[in-house]
**Student:** 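My structure is below; once you've seen it, I'll send some questions.
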Amino acid sequence: MYIVQIASECAPVIKAGGLGDVVYGLSRDLEIRGNCVELILPKYDCMRYDHIWGLHDAYRELWVPWYGAAIHCSVYCGWVHGQVCFFIEPHSNDNFFNRGYYYGGNDDTMRFAFFSKAALEFLLKSNKRPDVIHCHDWQTGLVPVMLFEMYKYHGMENQRVCYTIHNFKHQGIAGADILWATGLYREPYYFNYDHLGDNFNPFALNFMKGGIVYSNYVNTVSPHHAWEARHTDISYGLGHTIHLHQHKFSGILNGLNYQMWNPEVDNYIPYHYDKEDLQGKEWNKKALRERLLLSNEDKPLVAFIGRLDEQKGVHLVHHAIYYALGRGAQFVLLGSATESGINARFWHEKNFLNNNPDCHLEIGFNEELAHLIYAGADMIVVPSNYEPCGLTQVIGLKYGTVPIVRGVGGLVNTVFDRDYDQNTPPEKRNGYMFYQGDNYALESAMDRAIGLWQNYREEFHKLVIQGMEYDYSWNDPGTQYLEVYDHIRHK
Ligand code: ADP
């Protein structure tokens with residue numbers, strides 16, 4: 001099968017969070033199974049060019065219709081760890097992707113509407129006719145809209161679209177100018193509730209809604225989150241749209257790329273290890289402590305890695321730091337905040353805890369350090385308010401780092417409580433779970449985990465190994481996506 005993924009991220013070259021990991025990991029898996037996979041991405045100035053091999057211009061004269069005129073683009077081609085990627089570079093004063101950031105501009109909807117249009121134009125002009133176009137999140141929600149409203153009539157009538165929602169929170173809300181820019185025009189038609197009209201704001205268009213309405217198949221990234229999207233208010237107002245389109249909606253758990261995330265081969269960690277021999281993990285813990293100037297005592301090390309965002313339960317992350325310290329554990333945090341209030345709060349904590357030999361807060365994005373933390377920590381907390389899938393707990397499991405998670409979204413599909421999970425036999429349990437969003441709930445789970453480490457080290461060790469035995473690779477999810485592609489291809 002010939003599959004083109006259109007996305008705003010691809011790890012490790014463009015990564016703000018799990019989306020990047022998933023786009024890369026899924027592409028690799030599909031290709032290893034014998035499919036032809038190509039990626040179309042924006043050419044950001046701030047991406048990690050050191051992870052691209054053989055970058056060359058592949059299509060120089062791409063003219064993308066825009067506001068009744070056209071913007072000149074160049075398309076570059078290169079390999080990201082074996083994966084063919086096309087990068088679109090517009091040459092215009094809008095300067096869409098040369099701003100030193102991936103997201104966060106006032107005109108983000110314009111930037112990604114343009115990218116979506118340019119990606120389709122590139123497919124059309126370069127005569128690429130994939131069986132399936134796979135789009136991700138709001139940034140590419142307009143791709144199926146434009147494909148089925150415009151490009152279908154210019155020679156792309158056989159293409160089918162799979163649309164994956166990684167996070168319902170960001171939906172791409174825009175006004176009518178998007179229609180004039182992209183050439184979709186007909187305002188009353190697109191503002192209609194059955195098309196792109198936002199479910200709550202009659203004066204707004206919703207990209208993600210467009211993705212849901214127009215795609216041949218829609219999924220979110222875990223079965224439990226798909227259930228939440230149907231039955232709770234977690235989908236930020238898109239519940240009714242999901243309900244109307246539920247015949248083509250499901251949840252497919254994200255996989256993890258075990259070439260990139262594997263303590264047996266990980267290039268970013270000083271000592272390799274596996275579940276037969278965990279000595280390397282001990283040495284990594286020591287290396288992590290040395291790097292972060294933490295004391296080297298017989299204490300468990302608890303970590304948090306993730307975006308510091310309301311979604312991630314920042315109030316509980318904050319509490320977890322102090323609870324761990326009070327309970328005789330060490331704590332390491334690696335996180336970046338886009339919201340200034342949250343950023344300021346964690347900088348304040350960082351300064352306050354600066355001289356504490358049991359605690360280190362690293363604020364910012366650091367891929368290399370993340371690997372060392374997964375390898376060196378004993379436990380990882382994931383106290384999210386909601387979590388479509390969550391990768392940090394899955395990475396933690398692979399690295400023998402016991403997850404302590406809140407029972408929401410994909411966390412429910414991947415972590416099974418050591419003490420209380422009645423549906424999982426004891427020898428298959430792999431972590432700790434709490435449900436309520438208050439400090440006490442978090443404490444009860446952390447207390448059990450830290451207590452096991454302190455008082456029953458052998459039992460803790462067993463739990464670590466049980467977690468490492470899980471297979472959350474792309475094996476199963478890759479098969480499921482292929483089934484979806486096959487299903488929509490023959491419709
Ligand atoms: P989300 O997609 O909501 O950000 P996920 O748990 O699905 O959360 O994926 C997070 C990914 O981003 C993981 O690979 C994690 O290691 C990585 N990550 C998150 N924050 C940071 C950071 N500050 N530095 C390095 N890696 C990070």
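Each ligand, and each atom within it, is numbered from 1 in the order the structure gives.
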**Student:** Any carboxylate oxygen within less than 4.0 angstrom of a Lys/Arg side-chain nitrogen, looking at Lys209 and Asp198?
**Tutor:**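 Looking at Asp198 together with Lys209, the answer is no, because their closest N to O distance does not fall below 4.0 Å.
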
**Student:** Give every donor-acceptor pair under 3.5 Å between a side-chain atom in residues 79-86 and any protein atom, sequence neighbours left out.
**Tutor:**
unit_1, atom_1, unit_2, atom_2, d
His81, NE2, His51, ND1, 2.9
Gln83, OE1, Arg28, NH1, 3.3
Gln83, NE2, Val37, O, 3.0

**Student:** Between the side chains of Asp421 and Lys428, is the shortest nitrogen-to-carboxylate-oxygen separation below 4.0 Å, so that they form an ion pair?
**Tutor:**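 No salt bridge links Lys428 with Asp421.
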
**Student:** How far is atom 27 (C) of ligand 1 from its nearest protein heavy atom, and which residue and atom name does that atom have?
**Tutor:** Phe365 CE1, 3.5 Å

**Student:** Please determine if Glu367 has a nitrogen or oxygen closer than 3.5 Å to a nitrogen or oxygen of ligand 1.
**Tutor:** no

**Student:** Enumerate the atoms of ligand 1 whose separation from the nearest heavy atom of Ser336 is less than 4.0 angstrom.
**Tutor:** 23 (N)

**Student:** When you check the side-chain N and O atoms of Asn219 and Thr164, is any donor under 3.5 Å from an acceptor?
**Tutor:**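 Distance-only check passes for Asn219 and Thr164.
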
**Student:** If I apply the N/O under 3.5 Å rule, does Gly17 come out as touching ligand 1?
**Tutor:**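 The answer is no, given that Gly17 and ligand 1 share no N or O pair closer than 3.5 Å.
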
**Student:** Considering heavy atoms of the protein only, find what lies nearest to atom 10 (C) of ligand 1 and give residue, atom and distance to 0.1 Å.
**Tutor:**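 For atom 10 (C) of ligand 1, the nearest protein heavy atom comes out as Gly18 N, 3.6 Å.
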
**Student:** Could you tell me whether Glu310 and Arg345 have a side-chain N and a carboxylate O separated by less than 4.0 Å?
**Tutor:**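 Not counted as a salt bridge, because no side-chain N and carboxylate O are separated by less than 4.0 Å.
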
**Student:** So which bit of Asn167 gets within less than 4.0 Å of ligand 1, heavy atoms only: side chain, backbone, both or neither?
**Tutor:** neither

**Student:** Judging by distance only, is a nitrogen or oxygen of Trp261 under 3.5 angstrom from one on ligand 1?
**Tutor:** no

